[in-house]
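The structure appears right after this line, and notes come after that.
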Amino acid sequence: MLIAMDAQHQLVNAATADRQIEYYCPGCVQPVRLKRGAVIVPHFAHVHATDCDAFSEGETTEHLRGKQQLATWFAASGYTVRLEAGLPEIHQRPDILVRRGTAQPLALEFQCSPLSVERLAARTQGYRQHGYQVLWLLGRPYQRQLHLNSKALKFLQYQQRWGLFLLFLDDEFTIEVQQVRKK
């Protein structure tokens with residue numbers, strides 16, 4: 001998980017967390033440990049094995065890095081960004097929740113691990129029924145296996161402007177945001 005809670009119940013991003021402070025899982029409120037080094041993506045992990053329903057352990061480096069890159073890009077593009085925002089009304093926690101002004105909030109899901117068609121449909125329906133748009137971005141495991149009978153095809157999305165589409169994110173690709181200044 002990229003976000004944890006401090007003793008004052010403030011949410012803290014692992015990338016900026018202080019190693020001297022104790023942190024807790026925002027889902028189950030059990031202690032978590034900050035993991036940050038030269039090789040790994042900064043993140044929090046439960047100190048003890050737990051049956052936390054809100055956060056799964058063992059997120060891949062690709063998944064952690066991709067979530068952080070997406071959050072950074074959307075924030076730099078003027079969106080309000082919440083990493084791993086809990087949505088108690090639908091018992092879901094999208095990877096990233098973004099919103100611009102009064103527009104409908106957008107739940108971004110960066111999917112790197114297997115997901116059944118039934119679970120995909122239930123999660124998508126849950127978001128939509130509660131007023132959230134949802135956008136699924138697929139990681140490398142799906143891109144490598146892309147062919148006509150691919151598991152990725154269940155993630156086909158439709159927008160009137162775009163038609164049918166699949167979105168992939170390569171976490172090794174550096175996203176740069178540049179703003180054009182008027183002279």
Looking at Lys35 and Ala45, what are the two nearest heavy atoms and their distance? CE-CB, 3.9 Å

Could you tell me the separation between the CD atom of Glu22 and the CG atom of Leu34, rounded to the nearest 0.5 Å? 12.5 Å

Check for a donor-acceptor pair, side chain of Arg93 on one end and backbone N or O of Glu84 on the other, with a separation under 3.5 Å. yes

Donor-acceptor pair, side chain of Arg65 and main chain of Val41, under 3.5 angstrom: no

How many angstroms lie between atom CG of Leu83 and atom CG of Leu64, to the nearest 0.5 angstrom? 10.5 Å

CG (Leu97) and CD (Gln133) are apart, to the nearest 0.5 Å, by 11.0 Å

Tell me every residue that passes salt bridge (charged side-chain N to carboxylate O under 4.0 Å, His left out) with Glu62, counting only those two or more places apart in sequence or in another chain. none

Quick check: does any side chain N or O of Arg123 sit under 3.5 Å from a backbone N or O of Glu109, one acting as donor and the other as acceptor? no

So which atom in Cys112 and which in Thr60 form the shortest heavy-atom distance, rounded to 0.1 Å? CB-OG1, 4.4 Å

So how far is it from Gln125 CD to His130 NE2, rounded to the nearest 0.5 Å? 10.5 Å

Any side-chain heavy atom of Val29 sitting closer than 4.5 Å to one from Met5? yes

Does the side chain of Gln68 come within less than 4.5 Å of Asn13's, by heavy atoms? yes

Phe74 CZ to Leu106 CG distance, which is reported to the nearest 0.5 Å: 6.0 Å

Examine distances only and state if a side-chain atom of Tyr23 and a backbone atom of Ala7 form a donor-acceptor pair shorter than 3.5 Å. no

Please list, chain by chain and in numerical order, all residues satisfying ring-ring contact (aromatic ring centres under 6.0 Å, His included) with Tyr127, sequence neighbours excluded. none

Ignoring hydrogens, what is the shortest heavy-atom contact between Arg36 and Ala17? Give both atom names and the distance. NH2-O, 2.8 Å

Under 3.5 Å donor-acceptor, Arg99 side chain and Ala103 backbone: yes

For a 4.5 angstrom cut-off between non-hydrogen side-chain atoms, does Leu87 reach Pro94? yes

The test is side-chain contact (heavy atoms from CB on, under 4.5 Å); show your working for Leu115 and Tyr142 and say whether it passes. CA-CA 11 Å; Leu115 184 67; Tyr142 284 96; 4.3 Å; yes

Angle class for the Phe155/Trp136 ring planes (parallel below 30°, perpendicular above 60°, tilted otherwise)? tilted

Where Cys28 and His46 come nearest, the two heavy atoms and their spacing: SG-NE2, 3.3 Å

Rounded to the nearest 0.5 Å, how far does CD1 of Ile96 lie from OH of Tyr79? 12.5 Å

When you group the ILVMFWY residues by side-chain heavy-atom contacts below 4.5 Å and let the links chain together, are Ile21 and Phe44 in the same group? yes

Between Val117 and Leu156, is there shared hydrophobic-cluster membership here, with clusters defined by ILVMFWY side-chain heavy atoms closer than 4.5 Å? no

Please report the closest heavy-atom contact between Val81 and Ala75, naming both atoms and the distance. CG2-N, 3.5 Å

Any side-chain to backbone donor/acceptor pair from His63 onto Phe110? Under 3.5 Å, distance only. yes

Show the nearest heavy-atom pair for residues Gly126 and Gln92, with the distance to one decimal. CA-OE1, 4.1 Å

Donor-acceptor pair, distance only, cut-off 3.5 Å: does the side chain of Tyr24 make one with the backbone of His9? no

